[in-house]
2 protein chains.
Amino acid sequence: MARTIKVSIIEDDETLRDGYAFLIGATEGYDVISTYCSYDEASKKIATDKPDVILLDIELPGVNGIDAIPKLKKLLPNCYVLILTVYESEKQIFNALANGASGYLTKNTPSTKIIESIKEVREGGGPMSINIARLVIRSFQKNQESPLSKRETQILELIGEGKSRAQIANELFIDLETVRSHIKNIYLKLDVNSRADAIKLARQNKLI
Amino acid sequence: MARTIKVSIIEDDETLRDGYAFLIGATEGYDVISTYCSYDEASKKIATDKPDVILLDIELPGVNGIDAIPKLKKLLPNCYVLILTVYESEKQIFNALANGASGYLTKNTPSTKIIESIKEVREGGGPMSINIARLVIRSFQKNQESPLSKRETQILELIGEGKSRAQIANELFIDLETVRSHIKNIYLKLDVNSRADAIKLARQNKLI
DNA sequence: TCATAAATCCCCCAAATAGGGGGATACTAT
DNA sequence: ATAGTATCCCCCTATTTGGGGGATTTATGA
């Protein structure tokens with residue numbers, strides 16, 4: 001496992017790009033094999049570079065970093081993409097991860113942590129900056145003060161799975177009319193009158 | 001911000017409990033104010049302890065750790081719960097986070113990392129062990145080889161939000177019949193014949 | 001003890017919805 | 001040229017939904 005880790009960097013800011021390249025290249029066990037200032041430029045040659053890990057910026061000229069991830073993964077299926085950016089918006093983060101990024105670091109990350117993260121990602125980890133980890137964990141947390149009862153929450157979850165009243169009744173071993181009653185109460189409490197609105201409100205407020 | 005961090009530990013294994021207590025208590029800036037071997041025991045007194053952070057085991061006698069989290073958060077709304085366990089099953093992890101845990105460490109975590117994580121959690125971070133972070137990040141990643149086209153994926157997402165054909169047609173500025181066609185194709189490709197089954201399969205395979 | 005919430009079940013009704021058929025056309029990329 | 005995609009059109013029926021109106025039982029808490 002003492003193989004050198006081959007790193008490519010895609011970053012449009014020259015100063016940062018050179019800085020990272022120098023820092024990482026100077027570290028034992030790491031080799032910066034190429035640097036690019038955009039995806040468009042990288043796409044031509046990166047497949048032959050065969051890096052283990054790509055450090056990727058989000059704000060790039062041309063194809064942005066988020067959209068570049070699936071393209072890079074297609075060119076290099078066994079390569080890990082590590083996002084290194086100033087963006088901290090939830091959408092950006094979740095889109096980057098959904099698109100296949102294996103880690104997400106913000107640019108205030110100390111260089112030792114960046115270098116450590118490159119190794120971590122190649123060993124199957126999922127490195128994140130502290131502030132990113134907070135957002136990611138929060139995205140899982142449910143609202144502790146739901147107006148809905150347990151049963152109601154459970155039924156709303158099944159509605160969120162696209163199930164009909166009949167299917168829900170079967171699954172919970174209760175009568176169709178009981179399911180109706182619960183749904184009526186859910187609608188009353190959430191002040192909505194359709195499945196779609198109930199789901200939307202419940203997801204927004206993390207009731208389900 | 002140089003205040004001492006008050007820590008409580010809930011862990012049924014005496015050796016581990018004493019070990020953690022010793023390690024953390026001996027560290028500058030940390031104070032272990034109480035240790036308990038179960039939630040039931042802790043519930044009586046922990047509200048008056050007022051810890052900043054609770055280190056919580058999952059496999060506990062009586063009320064298990066997962067179920068204890070919301071109860072602890074109710075007793076101490078401003079306290080952070082940090083899970084420290086051997087369990088690494090996806091369900092356990094996601095349930096713990098959904099219930100309000102602010103971090104998740106596995107027991108092979110080196111003590112320096114545990115101590116660092118306690119500080120991190122109090123500063124709004126979301127510390128995780130490397131293997132946990134990997135699972136968490138994977139849970140966001142979509143399948144890159146979906147059989148569905150972009151439009152089909154988009155429509156299936158809206159179905160997953162409980163929307164009717166008419167609502168989808170409105171939202172996408174296309175005809176009701178076009179939505180129908182797409183849904184027919186989705187059902188064909190996924191080999192299902194209902195919304196619920198399509199959603200289930202799509203979620204399982206991370207197509208949406 | 002009395003009110004409240006929760007969970008269960010029952011009936012009426014009309015309108016909307018879903019899913020199974022059968023097509024067509026135009027554009028794009030390979 | 002062929003396949004895939006996106007768009008639109010028609011037939012049909014059974015299912016589903018949501019709005020009314022109830023009732024009963026069991027906890028739980030004030």
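Below, read A as the first sequence line, B as the second, and so on, with proteins coming before strands; counting in each chain starts at 1.
- Close to D:dA6, at under 4.0 Å from its OP1 or OP2, lies no side-chain N or O of B:Thr178.
- Counting only heavy atoms from C-beta outward, the side chains of A:Leu158 and A:Val179 never approach each other to under 4.5 Å.
- OP1 or OP2 of D:dT17 lies within a sub-4.0 Å distance of a side-chain N or O belonging to A:Arg195.
- Residues B:Leu97 and B:Ile93 have side chains in contact (heavy-atom distance under 4.5 Å, counting atoms from C-beta outward).
- Neither OP1 nor OP2 of D:dA6 sits under 4.0 Å from any side-chain N or O of B:Ser181.
- Here the OG atom belonging to B:Ser34 is positioned 5.0 Å from the CD1 atom belonging to B:Ile46, to the nearest 0.5 angstrom.
- Counting only distance, with no hydrogens or angles, the side chain of A:Tyr187 and the backbone of A:Arg195 share a donor-acceptor pair below 3.5 Å.
- B:Asp49 approaches B:Ser8 most closely through the heavy-atom pair OD2-OG, 4.2 Å.
- One atom, CD1 of B:Ile186, and another, P of D:dG4, lie 16 Å apart when rounded to the nearest Å.
- Regarding B:Phe173, its CZ atom lies at a distance of 18 Å from the C1' atom of D:dC8, rounded to whole Å.
- Using a 4.0 Å cutoff to heavy atoms of chain A, the contacted part of DNA chain C runs 5' to 3' from C:dA6 to C:dC12.
- When the side-chain nitrogen and oxygen atoms of B:His182 are compared with OP1 and OP2 of D:dT7, one or more of them lie within a distance under 4.0 Å.
- When the C1' atom of D:dG18 is taken as reference, atom CG of A:Leu190 falls 15 Å away, rounded to whole Å.
- Here D:dG18 presents its C1' atom at 13 Å from CG of A:Asp197, a figure rounded to the nearest Å.
- Here CG of B:Asp12 is found 7.5 Å from SG of B:Cys37. Values are rounded to the nearest 0.5 Å.
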Discussion item. Side chain to side chain contact (heavy atoms under 4.5 Å, CB included), that's the test. Do B:Met128 and B:Leu105 meet it? Break it down for me.
Written reply: CA-CA 5 Å; B:Met128 288 172 265; B:Leu105 303 175; 5.7 Å; no
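- Ring geometry for A:Phe140 against B:Phe140 counts as perpendicular: the plane angle is over 60°, on a 0 to 90° scale with 30° as the lower cut.
- For the pair A:Asp175 CG and D:dA23 C1', the interatomic distance rounds to 14 Å; values are reported in whole Å.
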Item to complete: Using a 3.5 Å limit on both pairing distances, list the dot-bracket string of DNA chain D from the 5' end; Watson-Crick and G-U wobble pairs count, crossing pairs take [ ], interstrand pairs take |.
Response: ||||||||||||||||||||||||||||||
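- Phosphate proximity of D:dT5 to B:Asn185: absent, as no side-chain N or O sits under 4.0 Å from OP1 or OP2.
- Look at CD1 on A:Ile159: it is 14 Å from P on D:dT16, rounded to the nearest Å.
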